[in-house]
**Q** 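Mind having a look at this structure? Questions to follow.
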Amino acid sequence: MSLALARKYRPATFDDLIGQEAVSQTLSLALDSDRLSHAYLFSGLRGSGKTSTARIFAKALLCEKGTTSKPCGVCSHCVMASESRHMDIIEMDAASNRKIDDIRELIEHTKYKPSTARYKIFIIDEVHMLTKEAFNALLKTLEEPPAFVKFILATTDPLKLPATILSRTQHFRFRKIAQPVVARHLGHILNLEGVEYEQNALDIIARSGAGSVRDSLTLLDQAIVYSKNFINIETVTKMLGIIEPSLLEALLDDIMLKDERKILEFINLAAEFEAEMVIDELMLYLKDMLLSGSHKLAPMIIERFFRVLAESKSLLSMGTDGEFVLSLTLFKMMEALHIKDIDSMIRSLERELSGVKVKEVLAPTVISKPVIEREAEPETHNEVVEEESVNEEPMIEEPIVEVQEIIKPLDAGAKLFEKLEEKLYDRNYDLGECFKESIVYNSFENHRLTWESSANEEQKTLLKNNWGLIRMMVQEIFGFETKIKNIPKELPSGVETSKEVSEEITNQVSNEVMCEEPVSMIEDEVLGIDEPLGDEAPMKSSCVAPSDDGVEAAKEKDERTILDEPMVAKALELFAPTKVRVKRKN
């Protein structure tokens, strides 16, 4: 009767353990130096060697040669331990014996000495399945057992164990066994079995085992039968129902070349496979490509591909059509290659925005006459092709005056001014639109904000009514010490289109800009001029009291007309109170 490979090649000594060197070395030193604990806890992935290590450790404790890391294997205790029939080695499956009555029975056995051996050893597998009451019943015995009792606990989920159990045991953590180590172990077993194989096929089996030797040996048993004693990539991929790595390699090449026709052919070919499996295999292939140091794909491209594949996994979890999700994923991977071009465009745009290019061109005056073109002879690039009219009279052309590009970089004040416009838009759209059309930024230096205004009467009224809000936002953005300087810029109503008139208007506007206008259109504020102090200083007109030539004596307002004042009216409009009470100051 043949045994499964996982049972036939179960480790018999510490030297036979693979991938758990730290655990085997620690236990061997403890046995050789006779520094033993009364309770051990083995935790780790399934098939990582927990139960095998527990049996090897139990055999080492009971060997007739004494506690040693290298049991003889021929004495009666070693033989009975190897055949799992030793009376003093009691194995219990906590998954099926998890109640408090089972633990009470186990505790009752601890009261009696071993029948023939040196110790009585209790191996409790899947200990995390015990109930809370069973754990509580085990605590006292686990902490202070008789000198001849040893406990070995094994679990795949140590986080489910109470802290009181963890504190009473020596905890050994079994690692997931690396894929190359498992592949070498599988090759060693196939050599002993006399089965031919391809190393790449064993790598696929080891990868499918996900770090578990037992799972890998189970797949190897299946592969030996399916492949008729010759294990290769084709038979393994068909047996496991996965796609061949060569097809994935060709698929990535087609994605990089953006060959939609071949990608569609792959989608039709992959219809017989599960979409989730194909996506998982793509992830594993990209991982191997990254870790192998291949320069075929840049790490940034691999990262983008991984994001697309991860998003497709969430789509599959929603129960959608797998074939459609796979098709969408592959085309999104192809589109992900365009992101690099977009990044470069963003960087170039940022460089261009560091300065604003202004190009002024005066259009020529065109004389409307029927003209025909005469074929030009080959001439230099800078020469102009002559044109003739029907009557062979030359057309009169106005010279084209082109002004060289002027680059005006955006200073800090201009950027803050743009922020001011945005905040005004957010607060009041009409105000923001009026401010943007009528106010133009000039400069900002020494806490003085200078702008040019071309507001009409309606815009002036709107700006005056909201001047408090504008000034508050100016001080918030530019600083509380900021003063505002306005430069009126009003064009005459009738503007002629002739070149002479245009030049005259340009000179007039230039003269107005150069002129220092001390009075603001919005607020009567004189900048840089010391005002008289003391009692004789006149009170400036405000938005509450009407002005009288810009000066008004401080006097109390009539409470009957106070609600008609501009600022009070604006406050009532903003807050919309249900009741207003005017109280005379005593």
**Q** Output yes when Asp93 and Arg98 qualify as a salt bridge under the 4.0 Å nitrogen-oxygen rule, no when they do not.
**A** no
**Q** Flag this pair as yes if the NZ/CZ of Lys150 is under 6.0 angstrom from the six-membered ring centre of Tyr119 and inside a 45 degree cone about the axis; otherwise no.
**A** yes
**Q** Taking atom CD of Glu105 as the centre, report whether more than 12 heavy atoms of other residues, nucleotides or ligands fall under 6.0 Å from it.
**A** no
**Q** Just checking, is any N or O donor in the side chain of Arg46 or Ser212 under 3.5 Å from an acceptor N or O on the other one?
**A** no
**Q** Please say whether more than 12 non-hydrogen atoms of neighbouring residues, nucleotides or ligands are located less than 6.0 Å from CE in Met300.
**A** no
**Q** Test side chain to side chain contact (heavy atoms under 4.5 Å, CB included) on Arg85 and Val79; report intermediate values, then the result.
**A** CA-CA 9 Å; Arg85 57 184 179 86; Val79 172; 4.1 Å; yes
**Q** For Cys63, does its backbone N or O pair with a side-chain atom of Arg118 as donor and acceptor, under 3.5 Å?
**A** yes
**Q** Considering only NZ, NE, NH1 and NH2 on the basic side and carboxylate oxygens on the acidic side, decide whether Glu21 and Arg175 come within less than 4.0 Å.
**A**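 Salt bridge present between Glu21 and Arg175.
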**Q** Centres of the Phe151 and Phe122 rings: under 6.0 Å?
**A**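 Aromatic pair counts; centres sit under 6.0 Å.
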**Q** Please assess Ile243 against Thr237 for the test side chain to side chain contact (heavy atoms under 4.5 Å, CB included), listing each intermediate value before the final yes or no.
**A** CA-CA 6 Å; Ile243 196 165; Thr237 53; over 6 Å; no
**Q** Give a yes or no on whether Lys296 atom NZ has more than 12 heavy-atom contacts from other residues, nucleotides or ligands under 6.0 Å away.
**A**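 It does: Lys296 NZ has more than 12 such atoms within range.
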**Q** Can you tell me if CD on Glu83 sees more than 12 non-hydrogen neighbours from other groups inside 6.0 Å?
**A**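 Yes, the 6.0 Å shell around CD holds more than 12 heavy atoms from other groups.
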**Q** When you measure from the side chain of Asp254 to the backbone N and O of Asp259, does any donor-acceptor pair fall under 3.5 Å?
**A** no
**Q** Could you list the donor-acceptor pairs under 3.5 angstrom formed between side-chain atoms of residues 273-280 and any protein atom two or more places apart in sequence or on another chain?
**A**
from	atom 1	to	atom 2	distance (Å)
Glu276	OE2	Lys313	NZ	3.3
Asp280	OD1	Lys313	NZ	2.7
Asp280	OD2	Lys313	NZ	3.4

**Q** So does Lys132 get a backbone contact from the side chain of Asn136, meaning a donor-acceptor N/O pair under 3.5 Å?
**A** yes
**Q** Before accepting this row, confirm whether a basic side-chain N of the pair Glu311/Arg307 lies closer than 4.0 Å to the acidic partner's carboxylate O.
**A**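 Not counted as a salt bridge, because no side-chain N and carboxylate O are separated by less than 4.0 Å.
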**Q** Using the rule given for side chain to side chain contact (heavy atoms under 4.5 Å, CB included), can you reason through Leu251 versus Leu330, listing the C-alpha separation, both sets of side-chain angles and the distance that settles it, and then say yes or no?
**A** CA-CA 9 Å; Leu251 173 63; Leu330 297 180; 3.8 Å; yes
**Q** Between CD1 of Ile56 and CG of Leu27, what distance do you get to the nearest 0.5 Å?
**A** 9.5 Å
**Q** Can you tell me if CZ on Phe306 sees more than 12 non-hydrogen neighbours from other groups inside 6.0 Å?
**A**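 Counting other residues, nucleotides and ligands, CZ of Phe306 stays at 12 neighbours or fewer.
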**Q** Inspect the surroundings of CZ in Phe324 and state if more than 12 heavy atoms from other residues, nucleotides or ligands are less than 6.0 Å away.
**A** no
**Q** Using a strict threshold of under 4.0 Å (side-chain N to carboxylate O), is an ion pair present between Arg207 and Glu281?
**A**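 Between Arg207 and Glu281 there is a salt bridge, with a charged N closer than 4.0 Å to a carboxylate O.
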**Q** Report, as yes or no, whether the 6.0 Å neighbourhood of atom CG on Asp426 holds more than 12 heavy atoms from other residues, nucleotides or ligands.
**A** yes
**Q** Is there a side-chain contact between Tyr40 and Thr169 in this structure, where contact means two heavy atoms from C-beta onward sitting under 4.5 Å apart?
**A**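 SC-SC contact between Tyr40 and Thr169 ruled out.
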**Q** Do the side chains of Arg10 and Asp16 get close enough for a salt bridge, i.e. N-O under 4.0 angstrom?
**A**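 Not counted as a salt bridge, because no side-chain N and carboxylate O are separated by less than 4.0 Å.
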**Q** Are any side-chain N or O atoms of Asp32 and backbone N or O atoms of Ser69, one a donor and one an acceptor, separated by less than 3.5 Å?
**A**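 Yes, the answer is positive, given that a donor and an acceptor are paired below the 3.5 Å cut-off.
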**Q** side-chain hydrogen bond (donor to acceptor under 3.5 Å, both in side chains) for Asn232 and Thr235? Distances and angles first, verdict last.
**A** CA-CA 6 Å; Asn232 55 14; Thr235 56; 2.6 Å; yes
**Q** Does this structure show an ion pair linking Glu476 with Lys423, if we count only N-O contacts that are shorter than 4.0 Å?
**A** yes
**Q** For the side chain of Thr68 and the backbone of Pro71, is there at least one donor-acceptor N/O pair under 3.5 Å apart?
**A** no
**Q** Salt bridge or not between Asp101 and Arg104? Use side-chain N to carboxylate O under 4.0 Å.
**A**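 Salt bridge between Asp101 and Arg104, a charged N being under 4.0 Å from a carboxylate O: yes.
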**Q** Check whether any side-chain N or O of His38 sits under 3.5 Å from a backbone N or O of Leu142 as a donor-acceptor pair, and report yes or no.
**A**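 Judged by distance alone, yes, a pair lies under 3.5 Å.
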**Q** Find out whether Ile123 and Met92 are in side-chain contact, i.e. whether some heavy atom of one side chain is under 4.5 Å from a heavy atom of the other.
**A**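 Ile123 vs Met92: side chains apart.
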**Q** Could you walk me through whether Ile477 and Thr482 pass the side chain to side chain contact (heavy atoms under 4.5 Å, CB included) test, one step at a time?
**A** CA-CA 9 Å; Ile477 296 174; Thr482 303; over 6 Å; no
**Q** Do the non-hydrogen side-chain atoms of Leu61 and Leu31 ever get within less than 4.5 Å of each other?
**A**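 Result yes, sub-4.5 Å side-chain heavy-atom pair found.
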**Q** Is Glu133 salt-bridged to Lys99, going by a charged N under 4.0 Å from an acidic O?
**A**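 Answer for the salt bridge query: no.
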**Q** Could you list the residues that satisfy ring-ring contact (aromatic ring centres under 6.0 Å, His included) with His185, not counting sequence neighbours?
**A** none
**Q** Can you confirm whether the side chains of Thr110 and Lys120 place a donor and an acceptor under 3.5 Å from each other?
**A** no
**Q** Using a strict cut-off of less than 4.0 Å between a Lys/Arg side-chain nitrogen and an Asp/Glu carboxylate oxygen, indicate whether Lys160 and Glu126 qualify as a salt bridge.
**A** no
**Q** How many angstroms lie between atom CD1 of Ile90 and atom CD1 of Ile121, to the nearest 0.5 angstrom?
**A** 10.0 Å
**Q** Can you see whether Tyr441 engages Glu421 through a side-chain donor-acceptor pair at a distance of less than 3.5 angstrom?
**A** no
**Q** Is the Phe478-Phe444 ring centre distance short of 6.0 angstrom?
**A**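 Aromatic pair counts; centres sit under 6.0 Å.
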